[in-house]
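Structure, as structure tokens:
Just so you know, residue 1 is the first one in the sequence shown, and it goes up from there.
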Amino acid sequence: MIRKTINNKAIAIVALLSGLTACGENPFLTAENETAAMYAEKVKPDFSTFKDVKEKKAAFFDYLRPAVIHENQRIERERTFLLSLQEKITASALIAGEDKEYAVKLGNTYKQPVDGDTVTMDWLSVMLNRVDVLPESLVLSQAAKESGWGTSRFAVDGNNYFGQWCYRKGCGLVPNARNEGAAHEVAVFASPYLAVQGYFMNVNTHRAYQSLRDIRTALRVENKPIDANSLAEGLTQYSERGHAYVDEIQAMIRHNKQYWLQG
């Protein structure tokens, strides 16, 4: 299934750019990343012990929210940089030096290498379609849905809140109900932070979610807010259930609106 695919190499690159390491390693080697440090020191709640539904929801969302905020802030900085390159090219300026070096790194991270070692408007257009934020209500709703509110074996034992798959033997946890002949595993992450980071990279780069990215770009062009319900329409390939899955995510976004700090 497409929704479960995760590119370990891409995550490793993003983690490196963020001062982290790839899943399965200690990602907290830099004191500069306060969000990562928070997850290193914080004890993961046992969400299965919550009796009050509202308290459980609040605890779950509050636990993952800092990672979502951090990822969106990182992406906003990257997007601002790309927009600045657009302005420079429009002004006929040459993209060179540190600007070019960083552009090349971003291109490799987002699986859109700089074409011919030259930063062009066409390349920036594709990158800006990928390098953009995801509403916290969308991210957290999917995390709740995919992890059973943090109680699944993959969330508890592997920090995997989004159901991402990997295909290298030993890269994750083997599903109990895996079909005979199947080779996938459910990816294991060193921290919830890296799980959130992996989800962002998956949605922002995988071909299965091009429609979500196009919806987001259209909202940008129309100068409209990046709306979670609108973006959810681009998740039909996240589950074999298709639009029924989208309907469930949109319902969760609506029903839990009291918990959202952002859209």
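- The pair E248-R241 meets the salt-bridge criterion, with a side-chain N (NZ, NE, NH1 or NH2) lying under 4.0 Å from an Asp/Glu carboxylate O.
- With hydrogens and angles ignored, the 3.5 Å screen pairs a side-chain donor or acceptor of T49 with a backbone N or O of D46.
- A salt bridge is absent between R79 and E76; no separation between the charged side-chain nitrogens and carboxylate oxygens falls under 4.0 Å.
- Between E136 and L261 the shortest heavy-atom distance is OE2-N, 2.7 Å.
- Summarising the geometry, atom CG belonging to L235 is positioned 10.5 Å from atom OG belonging to S141; distances are rounded to the nearest 0.5 Å.
- Each side-chain hydrogen bond (donor to acceptor under 3.5 Å, both in side chains) pair with one or both residues in residues 220-235, not counting sequence neighbours, appears once here: D132-R220, E222-K224, D227-S230, E233-H243, E233-Q250.
- Two residues are said to be in side-chain contact when any heavy atoms from C-beta on lie closer than 4.5 Å; L134 and L212 meet this criterion.
- Clustering ILVMFWY residues whenever any of their side-chain heavy atoms sit less than 4.5 angstrom apart, transitively, puts V196 in a cluster other than the one holding I69.
- Shortest non-hydrogen contact noted between V43 and Y63 is O-CE1, 4.5 Å.
- The two atoms that bring V156 and G150 nearest to each other are CG2-O, 3.7 Å, heavy atoms only.
- We find the CD-CE distance between Q142 and M252 to be 9.5 Å, quoted to the nearest 0.5 Å.
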Next item on the list: Just do the side chain to side chain contact (heavy atoms under 4.5 Å, CB included) check on R130 and K111 with the steps written out, would you?
Entry: CA-CA 10 Å; R130 296 186 174 204; K111 303 187 218 178; 3.7 Å; yes
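- With sequence neighbours left out, the side-chain contact (heavy atoms from CB on, under 4.5 Å) criterion links T120 to T118, D122, W123.
- Side-chain atoms of V119 and K88, non-hydrogen and from C-beta on, never get closer than 4.5 Å to each other.
- Taken from CZ in R77 to CG in L82, the straight-line distance is 13.0 Å, to the nearest 0.5 Å.
- Applying the ring pair (Phe, Tyr, Trp, His ring centres under 6.0 Å) criterion to F61, with sequence neighbours excluded, gives W149, Y259, W260.
- Residues R65 and D62 approach most closely at NH1-OD1, 2.6 Å, considering heavy atoms.
- Looking at heavy atoms from C-beta onward, L64 lies in side-chain contact with P192 at the 4.5 angstrom threshold.
- A side chain to side chain contact (heavy atoms under 4.5 Å, CB included) with L85 is found for one member of L128, L106, T90, L124 and no other, namely L124.
- More than 12 heavy-atom neighbours from other residues, nucleotides or ligands sit within 6.0 angstrom of CD on Q258.
- Transitive grouping of hydrophobic side chains (ILVMFWY, heavy atoms separated by less than 4.5 Å) brings F81 and V131 into a common cluster.
- For the residue pair E146/Y161, the side-chain donor-acceptor check at 3.5 Å is not satisfied.
- Using a 4.5 Å heavy-atom threshold, the side chains of V186 and R153 count as separate.
- Although no hydrogens or angles enter the test, the distance criterion places a donor-acceptor pair under 3.5 Å between the side chain of H255 and the main chain of A251.
- Of the possible polar contacts, none joining the S125 side chain to the M121 backbone as a donor-acceptor pair under 3.5 Å is found.
- Heavy-atom neighbours of K44 NZ from other residues, nucleotides or ligands within 6.0 Å: above the threshold of 12.
- Atom NZ in K57 sits 4.0 Å away from atom CG in N256 (nearest 0.5 Å).
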Next item on the list: Please test Q210 against D214 for side chain to side chain donor-acceptor pair (under 3.5 Å), starting from the C-alpha separation and ending with a verdict.
Entry: CA-CA 6 Å; Q210 184 62 55; D214 289 343; 2.8 Å; yes
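- In this structure, OG in S147 is found 11.5 Å from CZ in F154, a value given to the nearest 0.5 Å.
- Taking both residues in full, the closest heavy atoms of G234 and I215 are given as N-CD1, 3.9 Å, listed atom of the first, atom of the second, then distance.
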Check: After noting the C-alpha distance and the side-chain angles of E240 and Y245, does the key distance pass the side chain to side chain contact (heavy atoms under 4.5 Å, CB included) rule?
Finding: CA-CA 8 Å; E240 61 187 5; Y245 176 84; over 6 Å; no
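- Both M127 and I89 are members of a single hydrophobic cluster when ILVMFWY side chains are connected at heavy-atom separations under 4.5 Å.
- Ring orientation note: the planes of F50 and F47 are close to parallel, at an angle under 30° on the 30°/60° scale.
- A donor-acceptor contact closer than 3.5 angstrom links the side chains of E78 and Y110.
- L83 and L94 end up in different hydrophobic clusters when Ile, Leu, Val, Met, Phe, Trp and Tyr side chains are linked at under 4.5 Å.
- In this structure, a donor-acceptor pair under 3.5 Å is absent between the side chains of Y199 and E71.
- Taking CG from L194 and CG from N160, the interatomic distance works out to 11.5 Å, rounded to the nearest 0.5 Å.
- Looking only at distances, no side-chain donor or acceptor of E185 sits under 3.5 Å from a matching main-chain atom of C166.
- One hydrophobic cluster, built from ILVMFWY side chains closer than 4.5 Å, holds both L231 and I75.
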Checklist line | Test side chain to side chain donor-acceptor pair (under 3.5 Å) applied to S191 and N159, step by step | finding: CA-CA 6 Å; S191 74; N159 289 314; over 6 Å; no
